[in-house]
There are 4 protein chains.
Amino acid sequence: MDVTITTGTGATDQDRKTPGRPRSARADEAIIEATLDLLASGTPVEALSIEAVAARAGVGKATIYRRWANKEQLIVDAVASIKGEAPAIVGTSVRDDLIALLRPIGQMRKNRFGMIMPCLLGELRRNPELARSYSKLTEPRRELLREVIRRGISTGELRADLDVEVAAAMLTAPLILQGMIAGNPALEGVDLPAKMVDLLLATPAGAAPPPAN
Amino acid sequence: MDVTITTGTGATDQDRKTPGRPRSARADEAIIEATLDLLASGTPVEALSIEAVAARAGVGKATIYRRWANKEQLIVDAVASIKGEAPAIVGTSVRDDLIALLRPIGQMRKNRFGMIMPCLLGELRRNPELARSYSKLTEPRRELLREVIRRGISTGELRADLDVEVAAAMLTAPLILQGMIAGNPALEGVDLPAKMVDLLLATPAGAAPPPAN
Amino acid sequence: MDVTITTGTGATDQDRKTPGRPRSARADEAIIEATLDLLASGTPVEALSIEAVAARAGVGKATIYRRWANKEQLIVDAVASIKGEAPAIVGTSVRDDLIALLRPIGQMRKNRFGMIMPCLLGELRRNPELARSYSKLTEPRRELLREVIRRGISTGELRADLDVEVAAAMLTAPLILQGMIAGNPALEGVDLPAKMVDLLLATPAGAAPPPAN
Amino acid sequence: MDVTITTGTGATDQDRKTPGRPRSARADEAIIEATLDLLASGTPVEALSIEAVAARAGVGKATIYRRWANKEQLIVDAVASIKGEAPAIVGTSVRDDLIALLRPIGQMRKNRFGMIMPCLLGELRRNPELARSYSKLTEPRRELLREVIRRGISTGELRADLDVEVAAAMLTAPLILQGMIAGNPALEGVDLPAKMVDLLLATPAGAAPPPAN
DNA sequence: CGTTAATCGAGACGGTACGTCCTGTCTTCGG
DNA sequence: CCGAAGACAGGACGTACCGTCTCGATTAACG
């Protein structure tokens with residue numbers, strides 16, 4: 001077994017042209033599109049069948065299996081393809097920047113990304129490689145967050161004893177949990193991002209602004 | 001079709017005894033036991049088949065379907081039945097209590113509860129009733145945590161501007177995410193519970209105690 | 001008809017008083033009636049389920065199993081209970097008597113007995129005891145037929161070289177086959193009983209009557 | 001849902017080749033063979049399960065359901081496939097020919113065809129199309145018989161007032177009944193074919209040949 | 001410019017599991 | 001003890017997908 005499953009990116013390292021008919025790009029698109037369609041239209045991820053994807057894409061099942069080794073990888077690729085939305089832009093105060101960065105996480109529930117992700121968690125748990133590939137996907141946003149935190153520390157806006165990674169986790173995890181999973185009804189009406197950021201400020205919010213700068 | 005699926009709680013509405021042979025308690029146990037056995041022995045939740053549970057429990061499939069409408073509810077009931085371990089006990093300082101309370105959450109990864117839960121998230125997301133029943137399961141521990149936080153605020157150990165719910169979320173969510181899902185490699189060696197608790201102390205850990213205030 | 005439905009346990013006809021509550025005759029009737037109802041209303045014999053009979057009779061399944069060892073015996077008893085119609089009466093000439101005796105056999109197709117019997121053939125084939133009990137059921141009619149044939153031979157109306165059993169078989173079998181099973185379309189409009197009897201007359205029908213008598 | 005179940009004849013309406021992988025002829029054979037094996041090895045027809053056929057044939061259940069809409073049609077096709085043995089050949093006297101033609105019918109009891117057929121009668125009764133297809137199967141033998149009878153009438157060996165169809169029915173029906181169903185014990189040792197044929201001879205067997213007539 | 005070889009759609013293949021139904025047995029209750 | 005109700009273990013039903021395979025028909029680039 002020495003199959004080459006190109007999985008999307010398909011960086012054909014070398015110039016060695018494969019003989020025979022090349023793979024149809026239209027099929028790729030149609031498959032991804034069909035997958036997202038089905039997921040968005042309510043199909044639970046675990047109940048998504050390759051058969052249905054093939055039918056909706058107007059494609060033979062083998063055409064899918066030729067590209068993706070299994071259902072999960074297809075779904076991950078499909079999800080990755082929608083993840084391309086631009087992240088938030090940076091503004092004036094560190095507090096505002098953090099809040100702007102965090103807010104969309106809490107609203108995942110409402111978009112199709114939030115509908116799909118929780119169902120992948122089980123698979124992510126079992127398949128570390130997949131988890132890594134997913135984490136690479138979200139890395140840019142996380143890096144952005146870390147940078148803002150670092151800036152906050154250096155400007156004195158945030159507590160000096162902050163560990164950047166720990167702070168990032170404390171800020172994002174509650175939102176992710178709230179966004180993906182059922183969440184705590186006691187937090188329903190609360191402006192969670194602001195409240196959390198305030199807890200990490202060097203000076204309690206509402207108090208005098210940080211000494212200088 | 002007017003089936004009664006009793007699912008565990010078995011609230012005998014009234015004293016009216018149901019006619020016919022009563023359901024066997026041994027079957028109940030055998031089914032739950034078989035389910036946990038299979039899950040603990042590596043079967044991915046989504047791949048757990050009623051057929052296999054029935055076979056291992058030495059029970060007809062109908063006996064399972066008579067009690068649980070679907071696989072997910074069976075799994076939730078099964079999981080609920082193992083969750084009964086007593087939570088941590090309270091000690092001396094608020095900081096130590098919090099850490100003692102949080103530490104086991106981060107170690108879920110290693111026990112079978114941590115193996116099972118992530119796979120249920122998708123189902124929890126779609127099925128609010130199920131989510132509620134699950135949340136009732138974890139409520140005692142959450143309440144304990146909230147109490148300790150409240151105590152910390154009143155003694156002045158924790159920041160006065162803490163929202164109890166927000167603080168609880170910030171402390172638990174990172175651990176849950178780290179425990180259930182792959183998590184951040186940058187946090188691998190870190191004593192997350194301690195680091196997080198320290199960030200919510202009124203006075204940075206190691207510094208002088210709060211100035212009366 | 002003196003049906004003793006005890007089929008199996010049998011021997012209720014003694015004075016030995018059984019202790020406890022006696023079996024309800026209403027249940028017996030209801031079960032038989034329900035069985036015939038279901039069969040007559042199109043249910044294929046092989047698809048008749050004890051469950052359905054019990055439900056329609058308003059009786060527990062165990063009540064049926066207590067009386068009949070299995071489905072086939074229940075059906076046979078049920079069929080036996082409708083078989084009690086009086087056989088034909090004997091008249092003037094042997095030819096007319098035979099025809100009168102044979103005609104109803106050909107019309108079985110139209111009554112519910114004809115609907116039910118063919119489905120029992122398979123069972124009769126495998127279960128000789130059952131076959132014997134069925135044959136006992138039809139014996140009176142067959143004996144009547146043999147008697148008429150014997151009379152015909154002695155009066156000279158029928159061929160002298162007739163074997164009574166063989167003649168009876170030749171007269172009844174085509175009608176049974178035609179009545180129970182699909183039958184030959186070429187025989188659809190034909191007055192089969194008359195034609196067959198004529199072939200066994202000593203003198204061809206329409207020719208001069210037998211010499212003496 | 002617009003499935004085509006080809007069931008044997010497979011009249012390819014047009015030359016238009018169906019796309020996709022063609023159906024495997026080996027599977028066809030294996031299924032039929034397994035069906036006959038099971039039936040011949042004692043399985044009552046009504047108890048024959050598709051599951052068992054599939055298992056013995058080494059075939060998926062779907063492969064069977066793709067070809068036959070239900071169990072009965074599968075069985076009929078299976079039976080049809082064994083019925084192909086050449087019928088008897090014609091000889092010298094009409095009497096001998098008839099007897100040679102009839103004898104195998106009475107011996108059906110002993111071969112697997114005789115084991116299987118009675119169980120199909122119920123189905124034949126309910127399903128006229130099926131009955132027709134079965135009757136087509138036996139037609140060649142019946143036609144042969146009719147021909148011999150016609151020859152017997154024209155040569156004067158058989159009674160002149162015979163109706164061919166009626167005579168055929170009288171000769172075959174008793175044998176079929178005796179062969180398929182339990183039958184009359186009084187006929188057990190009798191050479192039924194010979195006895196019956198003799199009754200239709202113009203001159204009683206052993207007597208002088210017909211007087212020219 | 002015809003080979004050659006991998007692609008395409010379609011759909012059959014051997015399987016597994018589904019959730020329903022029925023079997024024949026058992027276990028309870030109330031009469 | 002009977003009758004009803006209904007749970008029990010078992011097993012077949014017919015369906016839906018799985019992941020693989022085999023078709024005839026396209027496509028390119030290579031020779």
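Lettering follows sequence order; numbering is per chain, from 1.
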Asker: Contact list please: residues 32-41 of chain A against DNA chain F, heavy atoms, distance less than 4.0 Å, in numerical order.
Answerer: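 Of all residues in residues 32-41 of chain A, none places a heavy atom under 4.0 Å from DNA chain F.
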Asker: So, under a plain 3.5 Å distance rule, would you say the side chain of Arg21(A) forms a donor-acceptor pair with the base of dT26(F)?
Answerer: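 Such a pair is found, so the answer is yes.
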Asker: Is Thr63(B) near enough to dA9(F) that one of its side-chain N or O atoms lies under 4.0 angstrom from OP1 or OP2?
Answerer: yes
Asker: Quick check on contacts: within residues 45-60 of chain A, what sits under 4.0 Å from DNA chain E by heavy-atom distance?
Answerer: Gly58(A), Val59(A), Gly60(A)
Asker: With the side chain of Pro22(D) defined as its heavy atoms from C-beta on, choose the nearest nucleotide among dC23(F), dG24(E), dG14(F).
Answerer: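 Looking only at side-chain atoms, Pro22(D) lies closest to dC23(F).
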Asker: Do you know which two heavy atoms are closest between Leu39(D) and Val45(D), and how far apart they sit?
Answerer: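 Closest approach of Leu39(D) to Val45(D): CD2-CG2, 3.7 Å.
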Asker: Taking all atoms of both residues into account, what is the closest heavy-atom pair of Ser24(D) and Ala27(D), and its distance?
Answerer: OG-N, 2.9 Å
Asker: Whole angstroms only, please: what is the CH2-P distance between Trp68(D) and dC13(F)?
Answerer: 15 Å
Asker: For Lys71(B) and for Asn70(C), find the nucleotide of DNA chain E with the closest heavy atom, then tell me which residue's nucleotide is more 5'.
Answerer: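 With Lys71(B) and Asn70(C) compared, the 5'-side residue is Lys71(B).
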Asker: Look at Arg23(D) together with Asp28(D) and state whether they make a salt bridge at an N to O cut-off of under 4.0 Å.
Answerer: no
Asker: To the side chain of Ala62(C), which of dC18(E), dA5(F), dC13(F) is closest?
Answerer: dA5(F)
Asker: Just wondering, do Thr43(D) and Ser49(D) contact through their side chains at under 4.5 Å, heavy atoms?
Answerer: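 They are not in contact (no side-chain heavy atoms under 4.5 Å apart), so the answer is no.
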Asker: When rounded to the nearest 0.5 angstrom, what is the spacing between CD1 in Ile50(A) and OG1 in Thr63(A)?
Answerer: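 Going from the CD1 atom of Ile50(A) to the OG1 atom of Thr63(A) covers 11.5 Å.
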Asker: Separation of Ile64(B) atom CD1 from dG11(F) atom C1', in whole Å?
Answerer: 15 Å
Asker: With sequence neighbours left out, what residues match Ala34(C) under side chain to side chain contact (heavy atoms under 4.5 Å, CB included)?
Answerer: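 Side chain to side chain contact (heavy atoms under 4.5 Å, CB included) list for Ala34(C), sorted by chain: Val53(C), Arg56(C), Ala57(C).
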Asker: For Glu33(C), enumerate each residue passing the side chain to side chain contact (heavy atoms under 4.5 Å, CB included) test, keeping only those at least two apart in sequence or located in another chain.
Answerer: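 So Glu33(C) forms a side chain to side chain contact (heavy atoms under 4.5 Å, CB included) with Asp37(C).
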Asker: Could you pull out all residues at least two apart from Glu72(B) that satisfy side chain to side chain donor-acceptor pair (under 3.5 Å)?
Answerer: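 By the side chain to side chain donor-acceptor pair (under 3.5 Å) rule, Glu72(B) matches no residue at all.
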Asker: Just jot down the side chain to side chain donor-acceptor pair (under 3.5 Å) partners of Glu51(B), sequence neighbours excluded, or say none.
Answerer: Lys61(B)
Asker: Rounded to the nearest Å, what distance is computed from the OH atom of residue Tyr65(A) to the P atom of nucleotide dG9(E)?
Answerer: 15 Å
Asker: Please pick, from dC2(F), dG19(E), dC21(E), the nucleotide with the shortest atom-to-atom distance to any side-chain atom of Arg66(C).
Answerer: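 Of the candidates, dC2(F) comes closest.
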Asker: Answer with yes or no whether Lys61(B) presents, from its side chain, a donor or acceptor under 3.5 Å of a partner atom in the base of dG19(E).
Answerer: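 When only heavy-atom distances are counted, Lys61(B) does reach the base of dG19(E) through a donor-acceptor pair under 3.5 Å.
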Asker: Rounded to the nearest angstrom, tell me the gap between atom CG in Asp28(B) and atom P in dA7(F).
Answerer: 12 Å
Asker: Using whole Å, what does the distance between atom C1' of nucleotide dC21(F) and atom CZ of Arg23(D) come to?
Answerer: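 To the nearest whole Å, that distance equals 16 Å.
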Asker: Can you find a side chain N or O atom of Arg26(A) that sits less than 4.0 Å from OP1 or OP2 on dT7(E)?
Answerer: no
